[in-house]
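Beneath this line is the structure, given in structure tokens, with notes to follow.
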Amino acid sequence: MTTPYSFAHNAFAGALQTSYAHLVDGEESGDVVKVAGRVMLLRTQGKLAFATMRDSSGEIQLFALAAVCADFDEFAKLHLGDWVGVTGEVVRTKRGELSIKVATWVKLATALHNFGDKWAGIADFDLRYRHREADLWANEKSRTSLARRSEVLRATRERCWAANFIEVETPILNAIATGAAAKPFTTHHHALGSDLFLRIAPELWLKRLVVGGFERVFELGRVFRNEGLSPRHNPEFTMLELYAAYWNYEDMMSFTEELVAGVARDVLGTTEVTYQDRPFSFAAPWPRRTMAELASEAVGEDVSVHTPRERLAALLGERGVEVHASWGPGRCLAELFEVTCEDSLWDPIFVTDFPVEVSPLARRRQDDPELTERFESYAVGRELSNGFSELNDPVDQRTRFEDQARLAAAGDPEAMAIDEDYIKALEWGLPPTAGLGLGMDRLAMLIADEASIREVIAFPTLKPLRD
RNA sequence: GCGCCGGUAGCUCAAUUGGCAGAGCAUUUGACUCUUAAUCAACAGGUUCCGGGUUCAAGUCCCGGCCGGCGCACCA
């Protein structure tokens, strides 16, 4: 059977529910509309049939009487999941349900599979993630969470545009994977005969655009890291990276807290929410504490990047952390912070003054060259964003890359690769600039109140099926 | 990658100590002029994830594999 190639609908379920809220039980409006959507439930009763139809805006009942509905017998045999286009009068039934009294209708598409149990939906994770199209129809929570993600991305873009940032795109295929500490995916270009890496961060390209004179740029795009999967990690995820010339890291912290709190207000209408049954506040300003302060409080003694490495290593050893020979005091302090503090940081907070040893792209503090003007924001015990005053001294940048190269030689698979083109770009002059990286999936998790990153990714990475 | 838990009809789930494979919904057929997960009646629906093993007998116990969830590790 050939189904129509188009259907000119002129009304949506959601809008009808509000605009005809005044209809009293049994009242007929006299207004004829054309709606389209999917049959979710069907109740036949002899010469009557009631269907619940859903479109993108909500649900409305289709009310079919054999006496007035064309092809009534066929209507009564519709399957759950079939798409229909309906023309009829807006009425309210005697039992009070706003309905379209079907005059004519047409099947737009047939559903050969059902959409799970009409009460319980689809619970099986494998089926939900591998066939998200069915999950979206079966489970309202899946619809709202993925819609929230979309709203978070829209609100983020609009706020960046409103602050005079321009959206740019930089290469995903790269000869070297740099700009972050992570293992890359490798691919191959046949015509070039070259192996290429999928980007782990767009950072260095974006700063080159600032060198080129684009003073405020952002990219909202996918990055790829060849690491384990978890409820908080997907191998490909979406990151906002944003750079502002003439700002320092304090300016960027202010922008970040306003951006995140603003997105929450745009999407949810409030900054005060519950996340996984626990109160959570996006409200700015967020506390700003140094890594050394937080680590000192946690271990009960003063520690800093100047604490002897032996003492830091001992504190790590007490906590079951294996200290690698290549770790200096800076790396030890950062590890100590992560193991003692990170999980307990619930409401948003900025952790500042990261050791230069773990911050190869950040500018040194003027009052302490072993520290950098860097921050990370944490929320619900997880890292949410990372930013700093950008290192713009090509000579220092080369020594930082060389330190990374030594780590790589010592066996660190995530050490940053040296990027000569980037150093050359800095030699043309990067103005004082602050940068930000913000994990959009994690922000979407907070706003959608989801515990798993897979719930805010339409098609999360799964193991391919074999056999 | 390691550990724990799980996989039974299209979907959601039962199945006692190892003893005939079950229900609701969906599908099919019939009844029903105001239903709301409609209701009622009937039919049909199975490689119990896959492959071995133990046993008179395996959904259940053992071994291997596949996929998923959670934790660890890695990271954002």
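Computation of the quantities below employed the complete heavy-atom set of this structure, encompassing side-chain atoms and omitting hydrogens, waters and symmetry-equivalent molecules. Note that this is a predicted model, so its numbers are computed, not measured. Within every chain, numbering begins at 1; the chains are lettered A, B, ... in the order of the sequence lines, protein sequences first and strands thereafter.
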Base, sugar-phosphate, or nothing for [X], non-hydrogen atoms under 4.0 angstrom?
{"X": "A:G228", "result": "base"}
{"X": "A:P460", "result": "nothing"}
{"X": "A:D124", "result": "sugar-phosphate"}
{"X": "A:R128", "result": "nothing"}
{"X": "A:R130", "result": "sugar-phosphate"}
{"X": "A:D412", "result": "nothing"}
{"X": "A:G437", "result": "nothing"}
{"X": "A:A182", "result": "nothing"}
{"X": "A:A180", "result": "nothing"}
{"X": "A:L438", "result": "nothing"}
{"X": "A:Y129", "result": "sugar-phosphate"}

Side chain of [X], heavy atoms from C-beta onward: which of [options] has the nearest atom to it?
{"X": "A:L465", "options": "B:A73, B:A76, B:C67", "result": "B:C67"}
{"X": "A:E383", "options": "B:A76, B:C67, B:U36", "result": "B:A76"}
{"X": "A:E227", "options": "B:C74, B:C13, B:C11", "result": "B:C74"}
{"X": "A:H79", "options": "B:U28, B:G71, B:A73", "result": "B:U28"}
{"X": "A:Q61", "options": "B:U36, B:A76, B:U12", "result": "B:U36"}

A:D449: which of A:Q276, A:K141, A:R148 passes side chain to side chain donor-acceptor pair (under 3.5 Å): A:Q276
Does [N] have a Watson-Crick or wobble mate here (both distances under 3.5 Å), and if so which one?
{"N": "B:C72", "result": "B:G1"}
{"N": "B:C61", "result": "B:G53"}
{"N": "B:G46", "result": "none"}
{"N": "B:G6", "result": "B:C67"}
{"N": "B:G22", "result": "B:C13"}
{"N": "B:C40", "result": "B:G30"}

Heavy-atom distance under 4.5 Å between the side chains of [X] and [Y], does that happen here?
{"X": "A:R288", "Y": "A:E257", "result": "yes"}
{"X": "A:F282", "Y": "A:L446", "result": "yes"}
{"X": "A:F125", "Y": "A:L462", "result": "no"}
{"X": "A:R225", "Y": "A:F237", "result": "yes"}
{"X": "A:E89", "Y": "A:D31", "result": "no"}

Please walk me through it: do A:D412 and A:S326 pass side chain to side chain contact (heavy atoms under 4.5 Å, CB included)? CA-CA 9 Å; A:D412 184 345; A:S326 66; 5.8 Å; no
Measuring only the [atom1] atom in each nucleotide, how far is [N] from [M]? A whole number of Å is fine.
{"N": "B:A26", "M": "B:A37", "atom1": "C1'", "answer": "12 Å"}
{"N": "B:U54", "M": "B:C67", "atom1": "C1'", "answer": "26 Å"}
{"N": "B:G22", "M": "B:U16", "atom1": "C1'", "answer": "14 Å"}
{"N": "B:C63", "M": "B:C5", "atom1": "P", "answer": "12 Å"}
{"N": "B:C40", "M": "B:C25", "atom1": "P", "answer": "7 Å"}
{"N": "B:U28", "M": "B:G53", "atom1": "C1'", "answer": "42 Å"}
{"N": "B:G71", "M": "B:U17", "atom1": "P", "answer": "31 Å"}
{"N": "B:C32", "M": "B:A15", "atom1": "P", "answer": "40 Å"}

Please indicate yes or no: is the ring centre of A:F237 less than 5.5 Å from the centre of the six-membered base ring of B:A76, with the two planes inclined by under 30 degrees? yes
Check nucleotides 24-26 of chain B against the protein and report each pair of N or O atoms closer than 3.5 Å, with its distance, or say if there are none.
from: B:G24; atom 1: N2; to: A:D117; atom 2: OD2; distance (Å): 2.7
from: B:C25; atom 1: O3'; to: A:K118; atom 2: NZ; distance (Å): 3.2
from: B:A26; atom 1: OP1; to: A:K118; atom 2: NZ; distance (Å): 2.5

Option passing salt bridge (charged side-chain N to carboxylate O under 4.0 Å, His left out) with A:R222 (candidates A:E169, A:E241, A:E236): A:E236
Once rounded to the nearest 0.5 Å, what's the spacing between atom CZ of A:F388 and atom OG1 of A:T352?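 Between atom CZ of A:F388 and atom OG1 of A:T352 there are 14.5 Å.
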Report the relative orientation of the aromatic rings in A:F401 and A:Y422; use parallel for angles under 30°, tilted for 30 to 60°, perpendicular for over 60°.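 Perpendicular.
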Evaluate the ring planes of A:F255 and A:F165, with Trp represented by its six-membered ring, and classify them as parallel (under 30°), tilted (30 to 60°) or perpendicular (over 60°).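 Tilted: the ring planes of A:F255 and A:F165 meet at 30° to 60°.
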Ion pair A:D403/A:R400, N-O distance below 4.0 Å: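 Result for this pair is no, no salt bridge flagged.
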Check: protein-nucleotides 29-33 of chain B nitrogen or oxygen pairs below 3.5 Å:
from: B:C32; atom 1: N3; to: A:G46; atom 2: N; distance (Å): 3.1
from: B:U33; atom 1: OP2; to: A:K47; atom 2: N; distance (Å): 3.3

Quick one: is A:R232 getting a side-chain N or O under 4.0 Å of the B:C70 phosphate, OP1 or OP2?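 It does not, given that no N or O in the side chain of A:R232 lies less than 4.0 Å from OP1 or OP2 of B:C70.
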